[in-house]
Amino acid sequence: MNKYRTHNCGDLTKENKDQDVVLSGWIHKKRDHGNLLFIDLRDNYGLTQCVIDKSNKFFKELEKTQLESVVKITGKIVQRSKETINKDLKTGEIEVNIVSFEILGYCKELPMPVFSEQDYAEEIRLKYRFLDLRRKKIHENIILRSKVISFIRNKMYELGFLEFQTPILTSSSPEGARDFLVPSRLNPGKFYALPQAPQQFKQLIMVSGFDKYFQIAPCFRDEDARADRSPGEFYQLDLEMSFVEQEDVFQVVEKLMISLFKKFSSKKLLYEKFPRISYEEAMSKYGTDKPDLRNPLLINDITNIFTREDVKFDIFKKLVKSGAKVKSILTKKTNDKPRSFFDNVDKWAKDQGASGLAYFTIERDQNLSAKGPVGKFFSEDSLKDIMKITNAEVGDSLFLACGKIEEVQNISSLAREKIAKELNLIDETKFAFCWIVDYPMFEKEQVTQKIKFSHNPFSMPQGDIKNIDFEKPLDIKAYQYDIVCNGVELSSGAIRNHIPELMYKLFFIAGYDKNQVDEKFKGMINALSYGAPPHGGIAPGIDRIVMLLANEKNIREVTMFPMNQNAQDLTMGAPSKVSEEQLKELNLNLKNKK
RNA sequence: GGGGGUGUAGCUCAGUUGGUUAGAGCGAUCGCCUGUCACGCGAUAGGUCGAGGGUUCGAGUCCCUUCACUCCCGCCA
């Protein structure tokens, strides 16, 4: 028999009554009646109420034992009387009559309570992460994460994929995020980099003939944090497949996501075949390439309205003349909304750095008219045209943003989200997946006006490879795609360019000659020259998937030992100083010694 | 690098227009209590009001500087 327990704290029921049991766990809560003491004993599996009274010689000692101490309790199961049953507890029909107990791990006074559903400052939570992780919600999130990863592994094997590890110490890559560097002792003055993603390795795996690869891969990027982005490290479900087209990748990912989200959430999937939306369409309808399709609001371009003689909205007309665009967001049946609703949205837009949002509501007496501060600028005819473009009806309202195309897309995308929230239009019980496809291969850099890769330089351009018009690089689309769920970008992926000659041509457009490409991507280009299969893949973010499933807004709620915003691990005290000896061995000198 | 928010007891927070000795709940300690499950009741301890400087007769409160945490922009092929 195990020395510490015969059962865990989650599995005793009235079936076990009269049995002698041993339980070990944490003292979750005490209810001390002076001569009678209830103890909720907790372990990973649940809570069990244990009782002791003053006739027991251990009573005084147990009464004084701190919460969160680890104890071993020996006792007998008794069935609770009907009035004392706790229906909220799996083990609520029984309790353990304590015979003896022993402290296995003493607990000092707690810096933060474990028994509480209150929110605490991140600082204290991260410093005492081991205590924080005992708390119910996050404990369950972490267990969920483990189950999700295990499910993904099984499913990927089922779909014919093999998991391979790729190096953690690798070479610094010239493009992309900032690298984490690791000095090499044996190669003084040289550095390894931690992989930003196993991108080149997974392509090499395809060239090596393994056909279908996946990995729950750690990725390291030295960039600033966000609520949904850990500083430093995160995990991807990295996958790559040979002899596939874009749709083949979609099939695999849809199968995985649908089964995963059905298993781990009670929320319904809005689409079982994820809509394919072109980048262009997404930008024009939603103002972003990560649209939340639960949000029914649509954006329309009504720039042309402001070239009409019978529209007198001079501020917008002037801007339009100098190249500005006007985007509208339609809200249905909002004529009964108070003025403050509209003004708050306008004020919010100004807080976002935009010049604000004009608005009016369409009414009809004898004639059509626009009500609102700028309503008077629109003729009846112009309103009819607006209604045609936007599908607006009498009683609906329109919010208008005007400015440079990038700015107006940005603010209308944010406004779409904001207004939907205000009007409570987002169905929180649904998951809405979609694919964003047909990304442009190149884009013009704002400042320098230079042509550069818009996403992954290794992506395959669309169309007949022999007939690509390299003279018009901005027209070239790539087999490059994103998967988005509820407005969260889960991943980018692509069919890769496995033809070195084509790669040189594309890199030339972005300003790299052959020698530079050979130098920068030595391993890749070389490998592709020895018989590379057509291949492609994607790498959905594990952390964000778990966030969606756990209904959390912050990635630290699904990460066991996250770093804070300054990329410090408060539990372990990382990063930390190192000794002179270590630096010397690595051939390093610190420039600014403190 | 920039912008916003927060910082008061171990924890979560209140603290009015600048005004006497800075409060509450939880936790801790002590006492009472044999059916609780957020047990109850009573008492005690616990504060560099993030730090520094300034204005003022007087600063938790106003001003300046600074630090920490957090959210956002930049960044994240």
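Bear in mind that the values here come from a model prediction, so they are computed numbers and not experimental data. All chains are named by letter (A, B, ...) in the order of the sequence lines, taking the proteins before the strands, and each is independently numbered beginning at 1.
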Q: Between A:Gln49 and A:Asp32, who's closer to the 5' end of RNA chain B by nearest nucleotide?
A: A:Gln49
Q: Is it true that A:Tyr479 and A:Asp438 share a donor-acceptor pair across their side chains at a distance under 3.5 Å?
A: no
Q: Residues two or more places apart in sequence or in another chain: which of them pass side chain to side chain contact (heavy atoms under 4.5 Å, CB included) with A:Glu443?
A: A:Lys452, A:Ser454
Q: Checking base pairs now: Watson-Crick or wobble, both atom distances under 3.5 Å. What partners B:rU17?
A: none
Q: Using heavy-atom distances to pick each residue's nearest nucleotide on RNA chain B, tell me which of A:Glu83 and A:Asn564 is more 5'.
A: A:Glu83
Q: Considering Watson-Crick and G-U wobble pairs with both distances under 3.5 Å, what does B:rG7 pair with?
A: B:rC67
Q: Is the gap between the ring centers of A:Tyr481 and A:Phe250 under 6.0 Å?
A: yes
Q: Could you tell me the separation between the CD atom of A:Glu63 and the C1' atom of B:rU36, rounded to a whole number of Å?
A: 14 Å
Q: Can you check nucleotides 13-15 of chain B for protein contacts, nitrogen or oxygen pairs under 3.5 Å, and list what you find?
A:
none

Q: Using whole Å, what does the distance between atom C1' of nucleotide B:rG74 and atom CG of A:Asn410 come to?
A: 13 Å
Q: Within the 3.5 Å criterion, strictly below it, is a donor on A:His139 or A:Asn44 matched to an acceptor on the partner's side chain?
A: yes
Q: Please name the nucleotide paired to B:rU29 by Watson-Crick or G-U wobble geometry with both distances under 3.5 Å, or report none.
A: B:rA43
Q: Do the ring planes of A:Phe521 and A:Phe507 sit parallel (below 30°), tilted (30 to 60°) or perpendicular (above 60°)?
A: tilted
Q: Could you state the atom-to-atom distance from OH of A:Tyr120 to C1' of B:rU70 in whole Å?
A: 18 Å
Q: Among B:rC39, B:rU70, B:rG10, find the nucleotide with the atom closest to the side chain of A:Lys29.
A: B:rC39
Q: Does B:rA22 pair with anything, Watson-Crick or G-U wobble, both distances under 3.5 Å, and if so, with which nucleotide?
A: none
Q: Should B:rG74 form a Watson-Crick or G-U wobble pair with both distances under 3.5 Å, which nucleotide is its partner?
A: none
Q: Classify the ring geometry of A:Phe38 against A:His33: parallel below 30°, tilted from 30° to 60°, perpendicular beyond 60°.
A: perpendicular
Q: Give every pair of a protein N or O atom and an N or O atom of nucleotides 6-9 of chain B that lie under 3.5 Å apart, one pair per line with the distance.
A:
none

